[in-house]
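Working notes for the structure below.
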Amino acid sequence: MRRPRGEPGPRAPRPTEGATCAGPGESWSPSPNSMLRVLLSAQTSPARLSGLLLIPPVQPCCLGPSKWGDRPLGGGPSAGPVQGLQRLLEQAKSPGELLRWLGQNPTKVRAHHYSVALRRLGQLLGSRPRPPPVEQATLQDLSQLIIRNCPSFDIHTIHVCLHLAVLLGFPSDGRLVCALEQERRLRLPPKPPPPLQPLLRGGQGLEAALSCPRFLRYPRQHLISSLAEARPEELTPHVMVLLAQHLARHRLREPQLLEAIAHFLVVQETQLSSKVVQKLVLPFGRLNYLPLEQQFMPCLERILAREAGVAPLATVNILMSLCQLRCLPFRALHFVFSPGFINYISGTQPGWLAGWAPEGWRGRGAGWPATQSPSPCLPTGTPHALIVRRYLSLLDTAVELELPGYRGPRLPRRQQVPIFPQPLITDRARCKYSHKDIVAEGLRQLLGEEKYRQDLTVPPGYCTDFLLCVSSSGAVLPVRTQDPFLPYPPRSCPQGQAASSPTTRDPAQRVVLVLRERWHFCRDGRVLLGSRALRERHLGLMGYQLLPLPFEELESQRGLPQLKSYLRQKLQGLGLRWGPEGG
């Protein structure tokens, strides 16, 4: 796939990396993409995929020191000379030294030592800046040792050795892998012969692997990263959709792969329906990543113009992703805010596009054949209808706050609903890991219960973590004496100017304490997820002053007294006062 502009090309292999090293009579070339090569091989069986993905997960060979020193694998003893041999294997400086430790200590070698040796071999071959040279005879002897002793391995050690052998690139029809697979089959309980399964060719193997339940549940980041090196003709739209969903689900912000998805979307523009496009665009909005591909936005606008009337719900989903990226196209907004579309969403007008299309819209509109008309109106009260109305309300908010030049139709007031009236599902699911309770207790002891509100939903429907009302002099005011809401739509006064409190006639400012938990960020960086960044951006545009509380700072506080001191410093940094001197 095409790499992003400005990024260096693939590194040329070093002389030692091209050496072949494998078991007797086998050729092998170490590569971090070994598993990818197997999945994209000409012929891959479902059983082979099961052997790769359903085996208990093992850390990739290039990641750090072994964690197996804490407990030996394969049921070996946990102390004495056996554990000392394991330490020697983990600290070996070359493949030859690995073989020497195994050969000179036959009475101390246990089954799990061979899996430790394989893992250390992968670390040595992937070491930087220069991996040690590997003699063919050395790896042949190591393979023969494992083949000779694998009948004594337990099932767990066989699984680990087989998994590592595949990651190291040993050929699937070689002696080592075949011997381990034979021992694995011998350990399995007898089963009736399965029906003949067709071989999976090329991208079909990758598609089956990405659909595997274990893969869907756990982020295989090393494999995902290597997929950006695959050739475009090897990846189908369904594979790209699975990759996009995996990135979004596990918050994997992989720029090279995201650029590859954007390039695939541009190249395959005429072949993709909006229902596929909405899934391909999903990770860009969620991961807050605007691709470098210059044709990305023009391509999406053409797809929306062509497909919006055919798949209106997909159109709204695409616009939601673009809203998180601050890239809303005006013509598509004209479409979703049109009377016909609104009536369709509200369930009052079936066949809503039969005689109408926005001016200048090049999609399907007036004069459609009856066989091509869209489905009947969306029933009111269904979960899909409520979600779409929330999305349209959010899009209308984005138009109000971020697009001053938009002059098209807007969402009628009677159709607007609160956007996110309660904490998001992710926050509710991870409430036991959240810092909200301890921060609430710290604020209660620091300010008093009357001077903050927790989980208050402010118009047009954003749920805030903690909200304070502050006078012009910086005094934290009791919330009950104030109107905690700023007017929406915002008044025409300059942004950031405090709104007048109807109770005290004192210019009061609203301060929102924003918890930034660990799961509010992408997995591989300090980039906020698109939905979180959008929420903070809109609250700021409405006039609320934000005080972020990052999870790194919250996790560093040891106990409630430290947390109170931390909150006091944060609030005083904004010039806030409370207590007898603060009012």
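Predicted model, so just to flag it, every value in this text is computed and none were measured.
With S393 contributing its side chain and V417 its backbone, the two residues share a donor-acceptor pair below 3.5 Å. Remark: side-chain polar atoms of E553 are not paired, donor with acceptor, to backbone N or O of L549 under 3.5 angstrom. A donor-acceptor contact shorter than 3.5 Å is absent between the side chain of R453 and the backbone of E450. Judged purely by atom type and a 3.5 angstrom limit, W578 has no side-chain atom pairing as donor or acceptor with the backbone of A475. Here the side chain of R286 pairs no donor or acceptor atom with the backbone of G530 at under 3.5 angstrom. R532 places no side-chain N or O within 3.5 Å of a backbone atom of F521 that could act as its donor or acceptor partner. Using modelled atom types, one side-chain atom of R510 and one backbone atom of A508 make a donor-acceptor pair closer than 3.5 Å.
Taking every heavy atom of both residues into account, Y452 and A440 meet most closely at OH-O, 3.3 Å. Closest approach of A262 and P291 over heavy atoms only: CB-CB, 3.8 Å. The two atoms that bring H435 and L515 nearest to each other are C-CD1, 4.2 Å, heavy atoms only. H113 and R110 get closest at one heavy-atom pair: ND1-N, 2.9 Å. The minimum heavy-atom distance linking H520 with D427 is given by the pair NE2-OD1, 2.9 Å. Looking at every heavy atom in both residues, Q562 comes nearest to S556 through OE1-O, 3.9 Å.
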- Message: As a quick check of understanding, evaluate salt bridge (Lys or Arg N to Asp or Glu O under 4.0 Å) for E90 and R119, giving each step before the final call.
- Response: CA-CA 8 Å; E90 291 174 339; R119 189 179 193 279; over 6 Å; no
Pairs of donor and acceptor atoms involving the side chains of residues 533-548, under 3.5 Å and at least two apart or interchain, shall be tabulated with distances.
from, atom 1, to, atom 2, distance (Å)
R535, NE, C463, O, 3.2
R535, NH2, C463, O, 2.8
E536, OE1, R516, NH2, 2.7
E536, OE2, R516, NE, 3.2
R537, NE, E402, OE2, 3.2
R537, NH2, C323, O, 3.4
R537, NH2, E402, OE2, 3.4
H538, ND1, Y462, OH, 2.8
H538, NE2, E402, OE2, 2.6
Y544, OH, L486, N, 3.0
Q545, OE1, Q509, NE2, 2.6

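With respect to R526 and E552, a salt bridge is recorded, a charged nitrogen being found less than 4.0 Å from a carboxylate O. A salt bridge is defined here as a Lys NZ or Arg NE, NH1 or NH2 lying under 4.0 Å from an Asp or Glu carboxylate O, and E517 with K436 fails to meet this definition. For E441 and R444, the salt-bridge test passes: some basic side-chain N is under 4.0 Å from an acidic carboxylate O.
Exactly one residue among R253, Q324, E259 makes a side chain to side chain donor-acceptor pair (under 3.5 Å) with Y289. That residue is E259.
Counting only N and O atoms by type, the side chains of T157 and D154 include a donor and acceptor under 3.5 Å apart. A donor-acceptor contact closer than 3.5 angstrom links the side chains of Q445 and K564.
Residue pairs that meet the salt bridge (Lys or Arg N to Asp or Glu O under 4.0 Å) test with at least one member in residues 469-478, sequence neighbours left out, do not exist here.
Shown here are the ring-ring contact (aromatic ring centres under 6.0 Å, His included) partners of Y406, two or more places apart in sequence or in another chain: F330, H334.
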